[in-house]
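Counting starts at 1 for both ligands and their atoms, following the listed order. Counting begins at 1 with the first residue of the sequence.
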Amino acid sequence: MAYFKEIGKIKYEGANSDNPLAFKYYNPDEVIDGKSMKEHLRFSIAFWHTFQANGTDPFGSATAIRPWDAAADPIDLAKAKMEANFELCEKLQVPFFCFHDRDIAPEGASLKESYAILDKIVDYTKELMKTSPVRLLWGTANAFGHPRYVHGAATSCNADVFAFAAAQVKKAMEVTKELGGENYVFWGGREGYETLLNTDMKLETDNLARFLRMAVDYAKQIGFTGQFLIEPKPKEPTKHQYDFDAATVIGFLKTYGLDKHFKLNIEANHATLAGHTFQHELALARVNEMFGSIDANQGDMLLGWDTDQFPTNIYDTTLAMYETLKAGGFTTGGLNFDAKVRRGSFEPIDLVYAHISGMDAFAKGFKTAYKMLSDGKFEKFVAERYASYRTGIGKKIVEGRANFDTLSKYALENDHIKNASGRQEALEALLNQYILNS
Ligand code: XLS
Ligand code: CA
Ligand code: CA
């Protein structure tokens, strides 16, 4: 059954098109540097926002009109949503989708029943995959929504909850493997705390590491070769999340000897909630060789919470793609639109407009970033800025051939220091020129 009946396949019409149902910058088949844009950008639809979110907010009930909601039986509804997912991905030329276990299949009365329901929907998804090019970018488990997770999952004070979460993640890993998922994501959910007055932080963080170690072992056991990703977020739902930002996660993984098994899934809105730019988080993942995947969205600077809006800010998409290309581009990762339409955009067609806007913003960002890197002006500037480390005393520092004695001897003879301008404004103007002209 078709749910987006009035919508055909969305095509590239170029920057001058006035058709709102066409791509202006995203030309899926255009080959750049030996790969099509489709292969470079690896777009993905987030099942939870697109097929589960209904416009509910703390002040009001659902507003979204969703044709698949006509299905009354929960299993039929789950199947209808999966059909709508494949239809939308295909029409938008989006090659991937992502889900939490509980997005695609409702929870049963017991864990056993939940497993069985999930199996049913996974079988149905496999059927749909037979005639569709759409694939699974990543799967994950929702170990935060149910009341049992009130005090967290792997970091709960209650060992029975730890065990239940393990059982849930075990199954989510199995179905991700079964559906050919290229990655498996761990987002901290309620892994954090509200007050230290009732919290054993050491036990909680040790347990989180124990949980992740068990997941690594289980992946090996079942032969899941997809990439494990951790998604940092500083707050929401808990006041303090253990996976606060990229730096915290990298430090955590290294402390527990888990860093070889994980990369990062960086979300734009989480970066800004942590007081960082999106680019900063991506750069940190890149320089630590942990760049994995992206949750593409944006927050609202005036609101300051996790609004998960569709990404339209081309400065951010340009700099995000700049980092992505510098990291060597995506391998197993991609650009997952972890974004939801605003409550006032309640018609199904708004989901189409929203994805087009995000895809075009990233396509434009990608093209601009590619041009910036090909021309190499920024990289050349940076290289020159650090030239003092390639000769003389700088070279000795970098090569480990300097110490405080040799450096003080050198400084005593060279204490009339000359610095060069950082040229920030000139570089920002150059960035504008690239964005406006490429
Ligand atoms: C919530 C997160 C979540 C993860 C997947 O803020 O973005 O949706 O991406 O669990
Ligand atoms: Ca996310
Ligand atoms: Ca978010």
Name of whichever N/O/S atom of Asp308 is nearest to the Ca ion (ligand 3):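 So the atom name we want here is OD1.
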Atom name of the N, O or S atom in Glu267 that lies nearest to the Ca ion (ligand 3):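 Atom name returned: OE2.
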Can you name the atoms of ligand 1, numbered from 1 with element, that are less than 4.0 Å from a heavy atom of [X]?
X: Glu267; result: 7 (O)
X: Asp306; result: 6 (O)
X: Lys233; result: 1 (C), 6 (O)
X: Asp295; result: 9 (O)

Phe4 side chain near Leu88 side chain, heavy-atom distance below 4.5 Å: yes
Of [options], the residue whose pairing with [X] passes side-chain contact (heavy atoms from CB on, under 4.5 Å):
X: Phe186; options: Leu229, Leu208, Val169; value: Val169
X: Phe366; options: Thr318, Thr317, Thr324, Leu325; value: Leu325
X: Ile314; options: Ile435, Leu436, Thr368, Leu319; value: Ile435

Give me the nearest non-hydrogen protein atom to [atom] as residue plus atom name, then the distance to 0.1 Å.
atom: atom 3 (C) of ligand 1; answer: Trp187 CE3, 3.6 Å
atom: atom 4 (C) of ligand 1; answer: Glu231 OE1, 3.3 Å
atom: atom 5 (C) of ligand 1; answer: His100 NE2, 3.2 Å

Any Glu236 heavy atom less than 4.0 Å to ligand 1: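 False for this residue.
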Polar side chain donor-acceptor pair, Tyr25 to Glu30, under 3.5 angstrom: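 No, no side-chain donor-acceptor pair sits under 3.5 Å.
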Donor + acceptor pair across side chains of Asp375, Tyr434 (<3.5 Å): yes
Angle in degrees, rounded to 10°, that NE2 of His270 and OD2 of Asp306 form at the Ca ion (ligand 3):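 The OD2/NE2 angle about the Ca ion (ligand 3) sits at 90°.
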Plane angle bin for Phe244 and His240 - parallel if under 30°, tilted between 30 and 60°, otherwise perpendicular: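 Geometry flag for Phe244 against His240: tilted rings.
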The Ca ion (ligand 2) to Asp338: nearest N/O/S atom name: OD2
Atom of Phe47, atom of Lys81 and distance for their closest heavy-atom approach: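 Heavy atoms only, the tightest pair is CZ-CB, 3.7 Å.
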Minimum heavy-atom distance between Leu21 and Ile356, given as atom pair plus value: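 Result for this residue pair: CA-CD1, 3.9 Å.
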Asn265 and ligand 1 - part of the residue with a heavy-atom distance under 4.0 Å: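 The answer is neither; Asn265 stays 4.0 Å or more away.
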Mode of Asp338 contact toward ligand 1 - side chain, backbone, both, neither (heavy atoms, under 4.0 Å):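 Side chain only.
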Asp295 atom OD2 and Glu231 atom OE2 as seen from the Ca ion (ligand 2), angle to 10 degrees: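 Seen from the Ca ion (ligand 2), OD2 and OE2 are separated by roughly 110°.
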Lys177 to Phe224, cation-pi by 6.0 Å centre distance and 45° axis angle: no
